[in-house]
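Notes follow the structure.
If you're wondering where the values come from, they're calculated on a predicted model, not measured in any experiment. Labels below follow one simple rule: chain letters A, B, ... track the order of the sequence lines, proteins then strands, and each chain is numbered from 1.
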There are 2 protein chains.
Amino acid sequence: MGDGGLQARTEGDADRLDAVFAALSHRSRRDLVVYLAARTDSPRMSQVAADRGVSPQLLNKHTAALEKAGLVRRVGDGRERRLVLDTMALIEAQQWIVRAREYWTARLDALDSYISTMEDDHDA
Amino acid sequence: MGDGGLQARTEGDADRLDAVFAALSHRSRRDLVVYLAARTDSPRMSQVAADRGVSPQLLNKHTAALEKAGLVRRVGDGRERRLVLDTMALIEAQQWIVRAREYWTARLDALDSYISTMEDDHDA
DNA sequence: CATCGAGTAAACCATATGGTTTATTATTCG
DNA sequence: CGAATAATAAACCATATGGTTTACTCGATG
């Protein structure tokens, strides 16, 4: 392949990355991820809504966005449901960025050696 | 602070992250970043449009989104302008993710030791 | 069973976004 | 100068998104 795995392998992968980045493009959703990451338990929806000072309906919508991205899951089938973080998607997003930066770094290195060559030529 | 720098320091920082993640939430813009990262030169707009099979107008719009995120800059004041990648914003996004994951990892470690404790209790 | 409460869905509105078509603004070059 | 061309702006449309208000479902509890 030779692309370091940067190209999405399937349409679904691309859609997934779309959803992950879109979910993270909103401050209150990022904050929600942090909020979840920082606790040791999985709080109930109402708990989250109260803690974050947001209406249950809006929380529901943001949760849906995070769910679509695979960043979060709702667990429990009773009347109370709990929100749990799922960082696999986060890792995927990070990997995309890392790989893009690796490309760029390689480019910088190439430029570096190019410049060195020029300087060597100049020195010579 | 104690938040590992995860909280955005200013409103502007948050807006910036919003813009970065929003820019990356679109496949063709991600591909554009990769395209730029993979070359050693800074192509002209028309070149990019041709290479990526997209209309100049649409490229302009996507470029505006990437510019707003600080991921890309246009250089040159002549009639031909070149597109250059700027990965600082990319690094910021990566750092946000890394820090969020660090939180989560800490949580996992805590859970781990909690479970160990339980097992120890059980064993005892 | 009646009700209360947690969670969700639906309707609705304002604004943002992706994309095309059309029009403008330069800037090079014959 | 005048035509061709790179780049961008504007107008416009369809759809998506964030957010509020209203309404529904369903399980627990008196």
Side-chain angles (χ1 to χ4, degrees), chain A residues 8 11 14-33 35-36 41-85, chain B residues 8 11 14-33 35-36 39 41-85 89:
Chain A
E11 270 306 316
D15 288 352
R16 165 82 155 235
L17 269 185
D18 282 7
V20 173
F21 284 121
L24 295 180
S25 76
H26 204 285
R27 193 199 212 289
S28 61
R29 283 189 300 252
R30 282 198 307 274
D31 287 351
L32 183 50
V33 168
Y35 163 89
L36 287 176
D41 63 335
S42 297
R44 291 183 302 129
M45 298 300 283
S46 53
Q47 177 83 93
V48 178
D51 287 352
R52 309 225 53 18
V54 77
S55 73
Q57 297 93 327
L58 186 52
L59 174 63
N60 189 41
K61 282 200 166 190
H62 283 311
T63 301
L66 290 166
E67 251 179 339
K68 183 177 168 191
L71 284 167
V72 115
R73 272 169 314 162
R74 288 151 148 140
V75 309
D77 47 348
R79 120 184 111 162
E80 309 182 344
R81 312 190 68 189
R82 291 174 181 279
L83 205 50
V84 311
L85 195 59
Chain B
E11 271 307 316
D15 289 351
R16 164 80 156 239
L17 268 185
D18 283 5
V20 173
F21 283 121
L24 294 180
S25 76
H26 204 283
R27 193 201 212 287
S28 61
R29 283 189 300 251
R30 283 196 307 275
D31 287 352
L32 183 50
V33 168
Y35 163 89
L36 287 176
R39 343 189 11 135
D41 62 335
S42 299
R44 291 181 303 130
M45 298 299 283
S46 52
Q47 177 83 80
V48 178
D51 287 354
R52 312 231 76 262
V54 77
S55 74
Q57 296 94 325
L58 186 51
L59 173 63
N60 189 41
K61 282 200 167 191
H62 283 311
T63 302
L66 291 166
E67 251 179 339
K68 182 177 169 191
L71 284 166
V72 115
R73 273 169 314 162
R74 288 152 148 139
V75 310
D77 47 346
R79 121 184 111 163
E80 309 182 345
R81 313 190 67 189
R82 291 173 182 282
L83 205 51
V84 311
L85 195 60

Exercise. Just how far, in rounded Å, is C1' of D/dT8 from CG of B/Leu66?
Worked result: 16 Å

Seminar exercise, completed: Taking for B/His26 and for A/Pro56 the nucleotide of DNA chain C with the nearest heavy atom, the one nearer the 5' end belongs to A/Pro56

Seminar exercise, completed: Against the side chain of A/Lys61, the closest entry in D/dT20, C/dG19, C/dT8 is D/dT20

Exercise. Rounding to a whole Å, what distance do you find between B/Glu80:CD and D/dA4:C1'?
Worked result: 13 Å

Exercise. Which residue lies toward the 5' end of DNA chain D, A/Ala65 or A/Arg79, if each is placed at its nearest nucleotide?
Worked result: A/Ala65

For this session: For A/Arg82, answer base if it contacts any base atom (sugar-phosphate contacts may also be present), sugar-phosphate if it contacts only those atoms, and nothing otherwise; contact means non-hydrogen atoms under 4.0 Å.
Result: nothing

Exercise. Between A/Ser46 and C/dG7, is there a side-chain N or O to OP1/OP2 distance below 4.0 Å?
Worked result: yes

Exercise. Nearest to the side chain of A/Asn60 - C/dT8, C/dG18, C/dA6?
Worked result: C/dT8

Problem set entry | Nearest-angstrom distance from the residue atom CG of B/Leu83 to P of D/dA6 | 16 Å

For this session: Test for a donor-acceptor pair under 3.5 Å between the base of D/dT22 and the side chain of A/Gln57, counting only N and O atoms.
Result: yes

Exercise. Out of B/Asp41, B/Val84, B/Leu83, which residue meets the side chain to side chain contact (heavy atoms under 4.5 Å, CB included) rule with B/Leu36?
Worked result: B/Leu83

For this session: Specify the residue among A/Gly78 and A/His62 whose closest nucleotide of DNA chain D lies further upstream toward the 5′ end.
Result: A/His62

Problem set entry | Length of the CG-P vector between A/Asp18 and D/dT15, whole Å | 19 Å

Exercise. When you match B/Lys68 and B/Leu58 each to their closest nucleotide on DNA chain C, which lands nearer the 5' end?
Worked result: B/Lys68

Problem set entry | Rounded interatomic separation in angstrom, taking CD from B/Gln47 and C1' from D/dT5 | 15 Å

Problem set entry | Spacing between B/Arg27 atom CZ and C/dG19 atom P, to the nearest angstrom | 12 Å

Exercise. Think B/Ser55 has a side-chain N or O under 4.0 angstrom from the OP1 or OP2 of C/dG19?
Worked result: no

Problem set entry | Spacing between A/Arg44 atom CZ and D/dA28 atom P, to the nearest angstrom | 13 Å

For this session: Report the C-alpha distance between A/Glu80 and A/Gln47 in whole Å, list the side-chain angles of each, state the deciding distance to 0.1 Å, and finish with yes or no for side chain to side chain contact (heavy atoms under 4.5 Å, CB included).
Result: CA-CA 10 Å; A/Glu80 309 182 344; A/Gln47 177 83 93; over 6 Å; no

Exercise. Are any side-chain N or O atoms of A/Arg29 and backbone N or O atoms of A/Ala22, one a donor and one an acceptor, separated by less than 3.5 Å?
Worked result: yes

Exercise. Do the side-chain N or O atoms of B/Arg29 get closer than 4.0 angstrom to the phosphate oxygens (OP1, OP2) of C/dG18?
Worked result: yes

For this session: Could you tell me whether the side chain of A/Leu71 reaches within less than 4.5 Å of the side chain of A/Leu24, counting heavy atoms only?
Result: yes

For this session: Round to a whole Å and report the spacing from CG of A/Leu59 to P of C/dG7.
Result: 9 Å

For this session: Any chance you could measure A/Glu67, atom CD, to A/Arg73, atom CZ, to the nearest 0.5 Å?
Result: 10.0 Å

